[in-house]
Amino acid sequence: MTTARPTAEDRQPKYLRIHAELRDRITSGQWPAGTSLPAQRDLAAEFGVSIMTLRQALQLLADDGLIAARHGSGTYVAARYEYDLGHLRSFAADLAAQGAEIRTRLLAAEIITPADEVSARLGGPGQVLRLRRLRLADGRPLIMQTSYLPLPLADGLDPADLAERGLYTVLAEHRLTGPGVAGPGLAPSGLAVTRAAETITPCVLGTFEAGYLERPAGSPALLSHRVSFTADGLAVVDDHAVLPGDSVAITVNRSADRLDVHYSLHPGTPRHPAT
């Protein structure tokens, strides 16, 4: 009689197999966001393991940002949103289209003389309007954005409007009426963005960003740096978005003739309060 040799899956610790199974239920949509997980004793019985082993699997799911415990209420599937890197919609517009409750807090709007590299990206020296905004998804801080706009293009722009609408939308409707706005590329009928160059790099949260994002300083994060252009090639926004590492992952779906890249965003409850 021949005994079947154990597979690699069979050799995995039980909590890893449970983690993979529950993760599939969540990511496939079988358990959508907001679903209450079965009681731990019921899940332990389903998989034939101890409560301790089950809790190891649940902790991995929590670390993935897929589930969150609500004190006195149980454990629920956490909200997750996708931000598609293949088009030009803003973070806020993309998340709101998926049902996320997005709120923008305008932290500052000030005229400054920028660093040389910002000036170079925006076409030359001169003052800029610097906007600092905090994006909150379902009431939790998710994105810290700093945006630079050439001052002649920002003339007459109402920064408070950006707490209600996306920057791309506001720019598309913006009329250039101030002095010094005439010239090649300065369309009088709005500054619609048609192209953007974006670079995504790892970083750590500085004290300033960490305070607003409610994470400890030094926590891992991603920095999305995007320069946006009009159809005439005019650089209108130099944007820097910081996303905490515990709330974002870059997901790639590949096929023979297609590549889809997007952020997977999950607001979650920060596991460590900012100090």
Side-chain angles (χ1 to χ4, degrees), residues 33 65 68 78-84 88-112 114 118 128-151 153-174 191 193 196 198 200 203-228 236-248 263-275:
R80 289 176 66 86
Y81 306 108
E82 307 295 345
Y83 175 67
D84 190 349
L88 281 172
R89 268 202 313 204
S90 68
F91 281 113
D94 229 349
L95 272 59
Q98 298 172 66
E101 183 183 337
I102 298 299
R103 186 162 58 90
T104 299
R105 184 186 304 166
L106 181 64
L107 304 176
E110 51 198 346
I111 296 172
I112 66 164
V118 174
V128 300
L129 174 64
R130 182 174 67 187
L131 301 169
R132 292 195 190 276
R133 292 170 291 163
L134 181 67
R135 306 287 196 184
L136 299 99
D138 302 330
R140 300 187 181 99
L142 185 62
I143 305 167
M144 177 85 170
Q145 280 187 273
T146 303
S147 306
Y148 302 90
L149 293 81
L151 195 56
L153 305 186
D155 183 68
L157 196 69
D158 181 6
D161 195 19
L162 298 173
E164 304 296 331
R165 301 193 296 156
L167 180 56
Y168 281 2
T169 300
V170 171
L171 286 174
E173 298 174 0
H174 186 48
L191 296 164
V193 170
E198 184 169 6
I200 302 167
C203 66
V204 296
L205 297 181
T207 303
F208 179 78
E209 295 88 356
Y212 282 106
L213 291 168
E214 299 178 7
R215 271 78 170 178
S219 297
L222 287 179
L223 170 63
S224 164
H225 175 220
R226 177 190 288 193
V227 182
S228 301
V236 292
V237 185
D238 183 12
D239 186 74
H240 305 249
V242 177
L243 302 94
D246 62 4
S247 294
V248 61
Y263 291 116
S264 292
L265 301 165
H266 46 92
T269 302
R271 290 190 291 275
H272 305 287
T275 57

Flag the pair R215 and E209 as a salt bridge only when some basic side-chain nitrogen lies within less than 4.0 angstrom of an acidic carboxylate oxygen.
-> no
How close do Y212 and L107 get, heavy atom to heavy atom, and via which atoms?
-> CE2-CD2, 3.6 Å
Residues T104 and R135: side-chain donor-acceptor under 3.5 angstrom = yes
So CG of L157 and CG of L129: to nearest 0.5 Å the spacing works out to 6.5 Å
Note, V242 side chain near I143 side chain (heavy atom, < 4.5 Å) = no
How long is the span from the CZ atom in R103 to the CG atom in L134, to the nearest 0.5 Å?
-> 8.5 Å
Go through V237 and L171 one step at a time and tell me if the side chain to side chain contact (heavy atoms under 4.5 Å, CB included) criterion holds.
-> CA-CA 10 Å; V237 185; L171 286 174; 3.5 Å; yes
Could you state the interatomic distance from CG (L167) to CG (L131), rounded to the nearest 0.5 Å?
-> 7.0 Å
For Q145 and R132, test the side chains for any donor-to-acceptor distance below 3.5 angstrom and give the result as yes or no.
-> no
Please report the closest heavy-atom contact between L213 and P244, naming both atoms and the distance.
-> CD1-CG, 4.0 Å
Judged by modelled atom types alone, do R130 and S147 share a side-chain donor-acceptor pair under 3.5 Å?
-> no
Do you know which two heavy atoms are closest between R165 and V170, and how far apart they sit?
-> NH2-CG2, 3.9 Å
Would you indicate whether the side-chain heavy atoms of L142 and R140 approach each other to under 4.5 Å?
-> no
Decide side chain to side chain contact (heavy atoms under 4.5 Å, CB included) for V227 and D239; before the verdict, give the C-alpha distance in whole Å, the side-chain angles of both, and the deciding distance to 0.1 Å.
-> CA-CA 6 Å; V227 182; D239 186 74; over 6 Å; no
Which class fits the ring pair Y148 and H240: parallel under 30°, tilted 30 to 60°, perpendicular over 60°?
-> perpendicular
If you look at every heavy atom in P150 and V128, which pair is closest and at what distance?
-> CA-CG1, 4.3 Å
Between H174 and G156, the two heavy atoms sitting closest are CE1-C, 3.7 Å
Tell me, do C203 and L222 make a side-chain contact under 4.5 Å, heavy atoms counted?
-> no
Distance from L149 atom CG to I111 atom CD1, nearest 0.5 Å?
-> 11.5 Å
Point-to-point distance, once rounded to the nearest 0.5 Å, from OG1 of T146 to NE2 of H225 = 11.0 Å
Check A196 against S228 and note the closest heavy-atom contact, atom names and distance.
-> CB-OG, 4.0 Å
